[in-house]
Number of protein chains: 2
Amino acid sequence: MNPRAPQGYDPHAFTPFAVTVDLAVFTVRDGDLQVLLVERGQEPYAGRWALPGGFVLPRESAETAARRELAEETGLSDVSGLHLEQLRTYSEPERDPRMRVVSVAFAALGPDLPEPRGGGDAAQAQWRPFRAVGALAFDHDRILADAHDRIGAKLEYSCLATSFCPPEFTLGELQQVYETVWGTGLDRPNFRRKVLATPGFVEPVPGGARLTGGRGKPAALYRAGTAATLHPPLLRPTSPEGRSR
Amino acid sequence: MNPRAPQGYDPHAFTPFAVTVDLAVFTVRDGDLQVLLVERGQEPYAGRWALPGGFVLPRESAETAARRELAEETGLSDVSGLHLEQLRTYSEPERDPRMRVVSVAFAALGPDLPEPRGGGDAAQAQWRPFRAVGALAFDHDRILADAHDRIGAKLEYSCLATSFCPPEFTLGELQQVYETVWGTGLDRPNFRRKVLATPGFVEPVPGGARLTGGRGKPAALYRAGTAATLHPPLLRPTSPEGRSR
DNA sequence: CTCCTTAATAGTCATCACGACTATAAAGAG
DNA sequence: CTCTTTATAGTCGTGATGACTATTAAGGAG
């Protein structure tokens, strides 16, 4: 039997695989980048933390499955506003010691999401500081690292950062998203100038300033604009390794 | 049976899927961007063109399967030098009318690749001009479009363009890669200045200039440098217009 | 009430990348 | 020899950006 079958898949030639989704769900809370993890209750990797995920059901696409998992794990009734992005697919033969599992990984982002409800299966779910995450089960270390890389890179040339913010936010909050994800400090006046000079990135809320909480001068409120990408990009300061600009 | 199983995959809960790889293989020939297609001999989509691909074997990763398919379809004995990049995974339930097939798509690039050998299964394989490709089988139109978008975007911030060039090339050839993939014209002196100012992009061949073929002044030869990414990026000319990219 | 701290906002200034050019050099074609 | 063609060199003005300094408007301590 020719396993290649370029002119039509031979129904008898394929090997069945289990297909799962794994989610790297990020949020910014208390100025800290946090990621949603679940604790495994069974072997292998019992007691280890892992990314939430699960099987793709017979009539689901991976995206649908990921959004269903996201709703289940975060406990939010409406996850339609959360940014969900396919990362890549992990298919190393030995990545799950029990069987052949191909996993489609997703990155998800949200503004200060609520505490997860404990899963009904005695597995606990928790927000954990991204930079304090230890060794995870399976190849989830790598998936998480890839997800963080992708998020960090996308902040540079997309409006993704607003996905980490509530519907109305200050430029200081937006800047903190960048600083939190990148792990760097940014010059406040320059950040402000750059964001406001990028058409469609943010737009001011009609007539509001925020007084109550702040310790300093009240900041103006903005909401996400209509643009999807940033031109020109908002580059990280230390990002250009070799030479820098 | 709970299909979610966050604490350990239940071996009895999963639905088996067929997993395939699909390849969008690009090359630049005669100043034209071409893509490798195969003609289907069987239903569904008999007689239609499709991207080459095939099943992932039991002990293969998707990357391994993609490289194997690449070698088989291009007829090259050594494809280790070709750039292969995972695009994304397509998993819509109805994408194959016969059964549940999840496909991991890859984009591959090479310098003026040879004519493909006709597959032994009566399916013919051919290089086709990218911009003249009609409706393909399955969701391969979308995969091909996504692949082209990705390639075009990666040219901006990576050294990927050298993957389209032979080991030694002139700056004119490199520029033609950009122009061919982007479908735009570029200013030659500015392109030259930009490429040479980017450290690690290209490095001059010790003492060579190319005389024989050219109609004009002989051009200096370069080879790919050691850098993987371009800082700052080499942006498309029409890219920073009003909004999109 | 007054000073001090904090944070937002408003500039300034020099550098540098880049697009749009013009000019020169070195080959082949006729 | 001259024309065409292509590579290469350089110029110039604009605009983005990093590094600063200054001002404004709040709350809190005394």
Side-chain angles (χ1 to χ4, degrees), chain A residues 31 155-157 165 168-179 182 184-199 201-202 204-205 207-222 229-240 242-245, chain B residues 31 155-157 165 168-179 182 184-199 201-205 207-222 229-242 245:
Chain A
L155 287 191
E156 290 188 327
Y157 59 90
C165 293
E168 298 190 345
F169 51 88
T170 69
L171 294 186
E173 289 170 335
L174 187 65
Q175 181 176 347
Q176 188 149 68
V177 168
Y178 277 90
E179 294 179 332
W182 285 347
T184 63
L186 297 173
D187 180 82
R188 201 179 282 268
N190 288 342
F191 180 83
R192 174 188 190 77
R193 184 221 292 159
K194 188 77 176 71
V195 169
L196 294 180
T198 303
F201 191 6
V202 299
V205 166
R210 163 218 218 186
L211 318 164
T212 52
R215 265 198 301 277
K217 177 175 175 177
L221 286 173
Y222 296 83
T229 59
L230 265 33
H231 277 287
L234 205 162
L235 298 172
R236 304 148 139 108
T238 33
S239 157
R243 181 56 59 86
S244 94
R245 63 182 314 163
Chain B
L155 287 191
E156 291 189 328
Y157 60 90
C165 294
E168 299 189 344
F169 51 86
T170 69
L171 294 186
E173 289 170 336
L174 187 65
Q175 180 176 348
Q176 186 147 70
V177 168
Y178 277 90
E179 294 178 333
W182 286 347
T184 64
L186 297 174
D187 180 81
R188 201 179 283 269
N190 289 341
F191 180 83
R192 174 188 190 76
R193 184 220 293 159
K194 188 77 177 71
V195 169
L196 294 180
T198 303
F201 191 7
V202 299
E203 49 191 35
V205 165
R210 165 222 216 186
L211 319 162
T212 53
R215 264 201 301 278
K217 177 174 175 177
L221 286 173
Y222 297 84
T229 59
L230 266 33
H231 279 285
L234 205 162
L235 298 171
R236 300 148 138 111
T238 34
S239 163
E241 25 63 282
R245 82 175 315 166

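Nothing here was measured: the structure is a model prediction, and the numbers come from that model. Just so it is clear: chains get the letters A, B, ... in the order the sequence lines come, proteins before strands, and each one is counted from 1.
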>> Can you measure A:Leu186 atom CG to D:dA19 atom C1' for me and round it to whole angstrom units?
In response: 14 Å
>> From the set D:dT17, D:dT11, D:dT5, return the single nucleotide nearest to any side-chain atom of A:Lys194.
In response: D:dT17
> Starting at CZ of A:Arg236 and ending at C1' of D:dG18, how long is that distance when rounded to a whole Å?
Replying inline: 18 Å
> Which whole-number value in Å describes the distance from A:Phe191 CZ to C:dA7 P?
Replying inline: 16 Å
> What is the distance, rounded to the nearest whole Å, between atom CG of B:Asn190 and atom P of D:dT8?
Replying inline: 15 Å
>> Does D:dT17 have OP1 or OP2 under 4.0 Å away from a side-chain N or O of A:Arg193?
In response: no
>> So, under a plain 3.5 Å distance rule, would you say the side chain of A:Arg192 forms a donor-acceptor pair with the base of C:dG11?
In response: no
> Any donor and acceptor pair, going by atom type alone, linking the side chain of B:Glu173 with main-chain N or O of B:Cys165 inside 3.5 Å?
Replying inline: no
> Within a strict 4.5 Å, meaning less than it, do heavy atoms of the A:Gln176 and A:Phe169 side chains meet?
Replying inline: no
> Tell me: CZ of A:Phe169 to C1' of C:dA8, nearest whole Å?
Replying inline: 16 Å
> Where the side chain of A:Pro232 is defined as all heavy atoms beyond and including C-beta, which of D:dT8, D:dT17, C:dA17 is the nearest nucleotide?
Replying inline: D:dT17
> Where each residue is assigned the nucleotide of DNA chain D containing its nearest heavy atom, which of B:Leu171 and A:Leu234 is assigned the position nearer the 5′ end?
Replying inline: B:Leu171
> CG of B:Leu234 to CG of B:Leu186: how many Å apart, nearest 0.5 Å?
Replying inline: 7.5 Å
> Among the nucleotides D:dC12, D:dA7, D:dC20, which one has an atom lying closest to any side-chain atom of B:Ala219?
Replying inline: D:dA7
> From the list D:dC20, D:dT11, C:dA26, which nucleotide is the closest neighbour of the side chain of B:Pro218?
Replying inline: C:dA26
> CG of A:Leu235 versus P of C:dA17: gap in Å, rounded?
Replying inline: 13 Å
>> On the nucleotide C:dA7, are OP1 or OP2 found under 4.0 Å from the side-chain N or O atoms that A:Arg215 carries?
In response: yes
>> For B:Asp187 and B:Thr170, find the nucleotide of DNA chain D closest to each by heavy atoms; which residue's nucleotide sits nearer the 5' end?
In response: B:Thr170
> Rounded to whole angstrom units, what separation is found between the CD atom of A:Gln175 and the C1' atom of C:dT6?
Replying inline: 15 Å
>> Could you measure the distance from the OH atom of A:Tyr222 to the CG atom of A:Leu171? Nearest 0.5 Å is fine.
In response: 4.5 Å
>> Nearest to the A:Lys217 side chain among D:dA7, D:dA25, D:dG10, which nucleotide is it?
In response: D:dA25
>> I want to verify a distance call: between D:dT21, C:dT22, C:dG19, whose nearest atom is closest to the A:Pro189 side chain?
In response: D:dT21
>> Without decimals, in angstroms, what is the distance between B:Leu221 CG and D:dA7 P?
In response: 12 Å
> Aromatic rings B:Phe201 and B:Tyr178: how do their planes relate, parallel, tilted or perpendicular, breaks at 30° and 60°?
Replying inline: perpendicular
